[in-house]
Each structure stands twice: as structure tokens, then as C-alpha cells.
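Everything numeric in this text was worked out from a predicted model, so none of it was measured. A, B, ... follow the sequence lines: proteins, then strands. Residue 1 opens every chain.
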Amino acid sequence: MQKDKRTSLTDGMFLSLMKSSLKGISQVILIENAVTGFIILMAITIFSYPLGIITLSSSIIGTLIGKLGGANENNVNSGLYGYNSVLTGIALTLFLTGPSQWFIALVGAALAAVFSAAMMHFMRNTGIPILTFPFIILTWFMLLASYKLKAFQLSPGLVPQDLSHWTLNISGKVDWLEGSFNGIGQIFFLDSTLAGILLFIGVFWAGWKYGLFSILGNAFALLISFVLGGEHSLIILGLYGYNAILTSIAVSIVFKEDHNRFAPISGIIAACVTVPLTASVATWLLPYGLPALTMPFVLSTWLFLGARKVLPRL
Amino acid sequence: MQKDKRTSLTDGMFLSLMKSSLKGISQVILIENAVTGFIILMAITIFSYPLGIITLSSSIIGTLIGKLGGANENNVNSGLYGYNSVLTGIALTLFLTGPSQWFIALVGAALAAVFSAAMMHFMRNTGIPILTFPFIILTWFMLLASYKLKAFQLSPGLVPQDLSHWTLNISGKVDWLEGSFNGIGQIFFLDSTLAGILLFIGVFWAGWKYGLFSILGNAFALLISFVLGGEHSLIILGLYGYNAILTSIAVSIVFKEDHNRFAPISGIIAACVTVPLTASVATWLLPYGLPALTMPFVLSTWLFLGARKVLPRL
Amino acid sequence: MQKDKRTSLTDGMFLSLMKSSLKGISQVILIENAVTGFIILMAITIFSYPLGIITLSSSIIGTLIGKLGGANENNVNSGLYGYNSVLTGIALTLFLTGPSQWFIALVGAALAAVFSAAMMHFMRNTGIPILTFPFIILTWFMLLASYKLKAFQLSPGLVPQDLSHWTLNISGKVDWLEGSFNGIGQIFFLDSTLAGILLFIGVFWAGWKYGLFSILGNAFALLISFVLGGEHSLIILGLYGYNAILTSIAVSIVFKEDHNRFAPISGIIAACVTVPLTASVATWLLPYGLPALTMPFVLSTWLFLGARKVLPRL
């Protein structure tokens with residue numbers, strides 16, 4: 001009998017851990033919903049089986065560090081210690097290669113949770129969320145380490161470029177539908193239309209508002225990036241869209257308060273601002289050959305959420 | 001009769017907006033004075049008619065965003081939402097070219113006001129002013145975007161340089177008087193002696209102390225930059241002077257309190273510190289071909305104002 | 001008699017200043033102990049007589065600025081205004097050359113104390129120590145200034161490198177004992193085994209715990225850097241060890257509280273994290289030819305101390 005009790009207790013803890021970890025996956029798109037997390041996990045697993053395993057493991061690692069470290073339980077259960085780990089695990093798996101790849105990705109996932117805790121402390125007074133800042137900085141540092149440590153083997157796609165010899169070539173046809181589905185896929189580094197459709201289903205499951213604003217943010221960003229003359233190849237890959245989707249959801253829905261009357265509009269404007277920001281961050285990183293990741297989303301969202309504290313109508 | 005009342009109300013609002021906007025222009029040199037703002041606007045307009053229009057429009061845009069967003073009215077009326085917009089508008093007009101130039105400059109002016117609000121929030125706890133930080137970061141980002149977006153066309157003066165092939169050539173004669181008047185002109189990107197004289201008049205109008213410390217800061221910086229072996233061409237253009245003028249006014253006069261006994265001295269020292277800072281920031285930006293703008297002023301002023309909170313006599 | 005009294009007062013002030021200055025030297029390794037400071041000063045002086053003079057002068061300058069500026073007396077007496085000045089003075093002496101070298105080093109030491117005060121203010125709300133951040137940023141800026149100011153002459157060892165032409169060569173035999181003693185020496189830029197032994201004596205004098213964790217941190221970092229495939233030449237020079245020593249002492253001993261149950265373990269993990277951080281920071285600085293200094297220590301320690309505020313068991 002006592003054994004049974006203990007088993008059910010262990011079962012309960014395991015279920016709670018799994019639920020928090022799935023929420024950790026959905027928190028990547030600022031949604032706290034285990035089902036959405038599961039649908040996203042499916043989308044990733046269909047795209048690549050090993051990537052699915054890394055995604056789930058990373059979220060579990062991050063959540064466990066939050067639990068064992070003694071963090072606020074609500075935060076842990078909402079998946080707030082998981083999403084930076086998920087992104088770090090995926091990114092390091094994709095941008096590194098060689099035998100240590102998996103090990104580095106999982107250690108990175110663990111460090112992402114520690115970094116998340118530190119950033120929560122440093123930003124506590126501001127009342128502004130840390131978003132995916134820990135994932136971005138940590139991944140950049142881990143990729144830079146590859147130039148000095150043999151065990152970190154960079155995948156061949158990441159090449160440092162000299163800005164003084166850089167020329168912009170935007171030619172190529174834009175496939176708008178492909179660009180749209182790739183936009184949401186790129187949040188998880190997937191450039192697959194099927195994965196994009198599944199992700200949209202996951203987002204709509206969590207609420208039609210999330211779905212609507214992810215479509216709106218994406219559409220405006222695609223349009224603006226085309227009008228401003230962005231590289232068409234990047235537009236098709238969805239690389240001008242994923243930051244806009246996240247920003248639109250964050251500023252229009254998740255972090256708005258009742259007195260922010262213009263929240264839907266300022267969210268769309270913030271999404272548009274990610275377009276030049278994506279261009280700037282990418283240029284800034286060219287000499288290091290690093291990807292922009294979700295930095296444009298973080299910067300634009302911090303900009304508008306910070307401004308809101310002083311301009312309450314925004 | 002009622003119509004008259006409404007007209008006079010609109011008139012009052014228009015006058016108040018213009019006054020705040022002119023103060024926004026004078027706040028660039030840390031002065032809250034509509035007449036000084038008007039004299040500066042004249043100096044800019046004489047130098048270039050379109051630049052004068054951009055200056056006034058940018059200040060109005062910034063002030064309007066503050067008003068409409070629901071910011072603290074005193075801050076809006078003092079021009080605190082205008083000066084970063086003014087500088088951003090001018091800088092983007094001068095450093096960009098092509099058909100979208102004006103549009104980008106005015107959108108930049110609007111974003112500068114949003115950024116100012118965000119920075120006010122992020123720095124509130126420190127009790128340290130945001131100075132021109134939003135303008136600097138925003139302008140750098142907008143200029144960097146030009147490498148990835150066709151609509152942003154960089155003016156040919158900004159060329160990225162490889163630090164490993166950089167050689168320093170300081171030769172050339174220094175014209176001290178020209179360098180002095182160019183120093184104050186460079187705050188508004190003007191290298192014209194007449195504009196410099198007008199700007200000095202505007203500064204003295206606001207108070208002899210402002211005038212005195214702008215001359216002192218400039219003189220010390222010119223001397224130090226010459227002694228430390230700065231490029232003579234840059235010294236003549238006033239590029240080692242404008243940050244010193246702003247820093248000297250900020251640390252010696254505007255942001256000092258009664259117990260800061262050594263304020264006049266520490267202001268001059270802070271002005272001198274902008275000289276190596278100008279060199280460092282310029283070097284740091286060489287690979288990106290970006291201008292240092294007023295970053296040396298911001299860094300030196302933050303350094304001394306922050307230190308003052310812990311070293312009260314400074 | 002009165003003369004005697006005045007003399008003894010002056011004597012007392014002089015002694016107090018010297019004691020604080022020696023503590024300023026020991027604070028470089030997070031220890032407040034005048035004897036340890038003296039032993040370190042000896043180690044530096046044996047390595048290079050002029051460097052010893054710079055070390056002591058820098059600490060005195062920093063401490064004096066704290067005293068004259070009116071800082072909290074306890075902080076001044078504990079040497080908290082000295083250690084950033086010490087490091088800045090030493091670093092500028094070693095990385096610069098030419099006739100102005102000494103003058104720049106001492107001005108740098110003075111600015112380091114002002115910068116320390118400013119950082120104390122900016123980080124006050126976080127409850128996290130400023131560590132050697134002022135020294136690092138100040139030294140980088142001063143070295144960058146050399147590309148634009150003739151008076152700043154860079155020593156020939158610092159060469160900017162293009163990341164796109166960088167190749168990693170880790171070959172060479174590792175002498176583990178030499179690497180170990182060089183690790184602690186590198187904190188003060190000394191690659192001498194004798195100096196390393198003296199420094200260890202100084203550390204053990206302050207308490208066996210300091211000694212133990214400096215050895216542990218160093219050993220783990222050496223091992224990890226070897227396993228991850230760091231350049232063997234750098235491992236021998238102790239360049240993967242000095243940040244680990246500082247981090248291990250900081251996280252395991254100095255800045256832990258009673259409820260941080262896993263402090264010894266998290267200190268060692270933090271020390272291991274400095275290894276990839278050292279690689280990343282060095283890569284990031286390659287295009288500028290700047291040394292990483294103690295930035296990996298600062299980043300890793302901030303990461304873990306910040307996380308501790310949210311994960312109390314860490």
C-alpha cells in the first residue's frame with residue numbers, strides 16, 4: 001500500500017514535470033499551454049526525430065534546474081525555466097556539428113536555465129520580461145567559442161564576412177505563401193511548410209487572438225521587408241517574419257494592460273520595427289558569422305514594453 | 001463666440017506645441033529655453049534649408065508622441081521628448097541618401113521618442129538622465145540596416161575599415177579658431193563658422209554659465225586632443241570638441257547638486273575624458289564605418305554622474 | 001608636544017592609507033588582507049621593479065580618490081577603491097609603450113576609481129558586486145584609443161585579426177605544473193613560476209579555503225580546457241586558469257550565503273564555465289586585437305550570483 005502511494009507520488013511528480021516541460025516548449029511563442037507545447041513538439045519531431053528528442057530533453061533539463069534550484073514554483077510550472085533551454089538546445093544542435101554536438105547542446109540547455117534565473121533577477125526592478133535574451137547571448141557565446149576550442153565544431157553555414165567587401169543582392173522571386181509558413185517555422189529553426197501549418201494549429205489551439213496576431217505580424221513584416229528591399233531569399237525563408245510574429249503576440253496580447261488602449265496597433269508597429277532591426281542585427285553580426293536569432297524580437301519588445309511604462313496609452 | 005473660444009484653444013495648443021518643440025531643439029545642448037531653440041533652428045536653417053525643416057518636424061513629432069502617449073506633461077513641455085528626435089532626424093538625413101531618405105528620417109524621429117520613453121523607464125531607478133543615448137543607438141542601427149535593405153542608402157562618406165590595415169596619420173596644420181567654432185557646430189553636424197557663432201549666441205542667451213563652460217570644455221578638449229596626438233583634420237572639424245562641450249555643461253552645471261563642491265573641476269575633467277573616449281569609440285566603430293556621434297559625451301557624463309552618487313564631493 | 005601629536009596624526013593617516021592600499025592589492029583576488037597584499041606586491045616587484053611601483057602607486061591613487069571624493073569609509077578602508085586601479089595601472093603599463101606609458105597608466109588608475117564608484121551606483125539595486133568590470137572596460141577603451149591618438153603606443157603583441165582568415169592550431173605539449181602556477185600569476189599578468197608560488201603563499205595566508213578553491217578552480221579549468229581542445233600554448237601560459245581561480249573563490253566562498261547549500265559545487269561549475277567564456281570573449285575581441293582580461297570571470301560570476309538570487313540553493 002505504501003509502495004503504491006509512493007509510486008503514485010512519483011507518477012504525479014513525473015506528470016507535473018512533463019506538463020511544465022511541454023509548457024516550456026509552448027512558452028517559446030509566449031503561450032502557456034501544454035497541448036500547444038505537444039503540437040509544437042510533434043512539428044519538430046516530424047521535421048527531425050533527433051531534434052524532437054533534444055527539444056524535450058532541453059525543456060526537462062531547464063525545468064529541473066528551476067525545481068532543484070528552489071525557484072518560485074509558479075514560474076517553474078508555467079514553463080518559464082524551459083523555453084530558453086529549448087531554444088538553446090535546438091540552436092546548438094543545428095549550428096554545431098561533430099561528436100560533442102549533443103553534449104554541448106544539453107550543457108547549453110542547462111546553462112540557459114541558470115542564465116534565465118540571473119536575468120530574472122537583473123530585470124526584476126524594471127518589470128519587463130526577460131524574453132529570449134539568455135538563449136540569444138548564450139548561443140552566440142557558444143558559437144564564438146568554436147574559433148578557440150576544437151570540441152566546438154561550427155556547421156559550415158556560418159561564415160564570418162568582411163563588411164567592407166559586402167554587397168547586397170536582393171534579386172529572386174518571392175513565394176508569399178511559403179514565406180508565411182516559414183516565418184512561424186523559423187521560430188524553431190524549421191523551414192518546412194508542414195511544420196509551419198502544425199505550428200499555426202498549435203497557436204490557434206491556445207486562442208484565436210494568438211493566431212490572428214501571429215498572422216497579422218507576419219503579414220506586415222513580409223510586406224515591409226519587401227517594400228524596404230530586403231533580400232528575397234531571406235524573405236522566402238521566413239527570416240523577416242519570425243521575429244515579427246513573436247513581437248506582435250508579446251506587445252499586442254501577452255504583456256499589455258487594460259490602459260494600453262493602442263496595444264493592437266502598437267503591437268503591429270513593433271512587429272514592423274523588427275524588420276529594420278533584423279537587418280541591423282544581421283549586419284552587426286556579419287564579421288562574426290553569427291545568426292541574428294530572436295534578438296530583433298527582444299529589442300523591439302523591450303522598446304515598446306519599456307516605453308509603455310512611461311507612455312501608458314501605447 | 002464659441003467658435004472663437006475653440007479657435008483660441010487650438011491656438012493655445014499650437015503655441016504650446018511649438019514652444020515645447022523649440023525647447024526640444026535647445027535640449028540637445030541641455031538647455032530648456034525656447035529662444036535658444038529658435039536661434040539654433042535659425043543656425044541650422046541658414047546652413048541648409050531642408051535640414052531646418054527636418055529639425056523642426058522631428059522635434060514636433062517627438063513632442064507629439066510624448067503628448068499622445070500620455071507622458072508626464074512637465075517632461076513633454078520641457079522638450080525632453082524632442083531632442084533625441086531632433087538629432088535622429090538630422091543624422092539620418094545627413095548620413096542617408098536616396099528617395100526614402102526623408103521618410104526614414106521622420107520615422108526615425110518618431111522611434112527616437114519611443115526609445116526615449118523606454119530608456120527613461122529603464123534608468124529611472126538610477127537617477128541618471130538618459131542624455132542622447134536613444135539617438136545614438138537608434139541612428140547606428142538605422143545606418144547598419146543599409147547593408148541589408150535596399151531602401152536605406154548610405155551616403156558615401158561612411159566606409160567600413162579593417163583595423164588590421166589602419167594607419168594613423170595626424171599631419172596637417174591646426175586652425176584653432178575654426179576648430180573652436182566647429183566644435184559647437186558639430187553638435188548639430190554643422191561645420192560652418194557662421195553656424196557656430198549663432199549657436200554660441202544661443203547658448204549665451206540661456207545664461208553666461210552655459211556659455212563659459214561650453215568655451216572652457218571645448219578649449220580643454222582641443223588642447224588635450226592636440227597634446228595626445230589626435231588627427232589634426234579631425235581637430236579642425238571640431239570632432240574632438242562637441243562631446244566635450246556637452247559634457248562640460250552637463251557635469252559642471254545642469255546635473256550638479258549643492259554638495260558637489262568640485263563640480264566645475266570635475267566637469268572640466270569629464271570634458272577632457274571625452275577626448276580618449278572619442279578616439280576609442282571611433283576605433284571601435286571603424287569596422288562598421290559608423291560615426292561616434294555623441295557617445296563619448298554620454299559615456300563620460302554617465303561615468304561622472306554615476307560616480308557622484310557614491311563620491312558626493314565630485 | 002603639539003608637533004608630535006600632529007606628526008603622529010599624519011603618521012596614522014599615512015599608515016591607514018598604506019594599509020587600505022595593500023588591501024586594495026589583495027582585493028584583486030577578492031581577499032581583504034594587508035599581509036596578502038604585501039606578499040602579492042613582493043611577487044610583482046620581484047618579477048619587475050617598475051611594475052611593483054606602478055602597482056602600489058595605482059592602489060594609493062584609487063584609495064585617495066575614494067577618500068577625497070567622500071566615499072563610504074568602510075569601503076575605502078577595505079580596499080574596494082584600489083583593486084580596479086591596480087589592475088588598470090598594471091595592464092596599461094604592460095600593453096602600452098613609449099614615453100607617455102607611465103603617465104597614461106596612472107591617469108588610468110585614477111579613472112578606474114571613478115568608474116568603480118559609478119558602477120557601484122549602477123549595480124546597487126542588484127546586490128551584485130562590480131568585480132573587475134571597470135578595469136576591463138577602461139583598459140579596452142584606453143587600448144582602442146591608440147589607433148586614433150599618437151600618444152597611446154600599443155605594444156606590438158596586440159594585433160587585430162580577421163576572423164574569416166583565422167585558423168585554430170592547438171598543437172604543442174602541455175606542462176601541467178607550469179600551467180598551474182602560471183594560472184594564478186596571470187591574474188597579475190605574470191608568467192613566472194616563482195611569482196605564482198609567492199601568490200599561492202599570499203592566498204593561503206588569508207585562509208586555507210581561499211587556497212583550496214583557487215587550486216580546485218584552476219585544476220578543473222586546466223582539465224576542461226584540455227578536454228575541449230584549447231590551444232596548448234595558452235593552457236601552459238595559464239590563460240585558461242586565472243579566470244577560473246577568481247570565479248571559484250568568488251562563487252564558492254566570498255559571495256555565498258548560508259542557504260546556498262551547493263555553493264562549493266556551483267563555484268566549481270562556474271569556474272568550468274569560464275573556459276568556454278574565455279574562448280568566446282577572446283574570439284569576440286580578435287578583430288580588435290584586445291586581450292580578454294578578467295571578463296570571463298566577471299561574466300561567469302555575475303551569472304551565478306544573479307541566478308542565486310532566484311535559485312537560492314545554487
Please flag which part of B/Ile65 lies under 4.5 Å from any non-hydrogen atom of chain A: side chain, backbone, both or neither.
both
Between B/Trp140 (side chain only) and B/Leu285 (backbone N and O only), is there a donor and an acceptor less than 3.5 Å apart?
no
Which residue out of A/Ser280, A/Ser225, A/Gly127 racks up the most heavy-atom pairs below 4.5 Å with chain B?
A/Ser280
Side chain, backbone, both or neither: which part of B/Val159 has a heavy atom under 4.5 Å from chain A?
neither
Any heavy-atom pair between the side chains of B/Leu144 and B/Leu290 that's under 4.5 Å?
yes
Give me each pair satisfying ring pair (Phe, Tyr, Trp, His ring centres under 6.0 Å) with a member in residues 84-124 of chain B, each pair once, sequence neighbours excluded.
B/Phe95-B/Phe189
Answer whether the closest heavy-atom distance between the side chains of B/Leu106 and B/Ser58 falls below 4.5 Å.
yes
Largest heavy-atom contact set with chain A, pairs under 4.5 Å, which of B/Ser146, B/Ala117, B/Ala151, B/Gly66
B/Ala117
Taking B/Ser78 for its side chain and B/Leu80 for its backbone only, find out whether a donor-acceptor pair lies under 3.5 Å.
no
Greatest number of non-hydrogen atom pairs under 4.5 angstrom with chain B, of A/Pro276, A/Gly230, A/Pro312, falls to A/Pro312
Pick out which of A/Tyr240, A/Trp176, A/Phe220 makes a ring-ring contact (aromatic ring centres under 6.0 Å, His included) with A/Phe226.
A/Trp176
Whatever's closer than 4.5 Å to a heavy atom in chain B on A/Leu234 counts as side chain
Going by heavy atoms in the side chains, are A/Arg313 and A/Ser266 under 4.5 Å from each other?
no
What are the residues of residues 132-139 of chain B, in order of number, with any heavy atom under 4.5 angstrom from a heavy atom of chain A?
none
Atom group of B/Ser116 that falls short of 4.5 Å from chain A, counting heavy atoms:
neither
Is any side-chain heavy atom of A/Lys173 less than 4.5 Å from a side-chain heavy atom of A/His232?
no
Would the distance check show the side chain of B/Thr301 and the main-chain N or O of B/Val298 forming a donor-acceptor pair, the cut-off being under 3.5 Å?
no
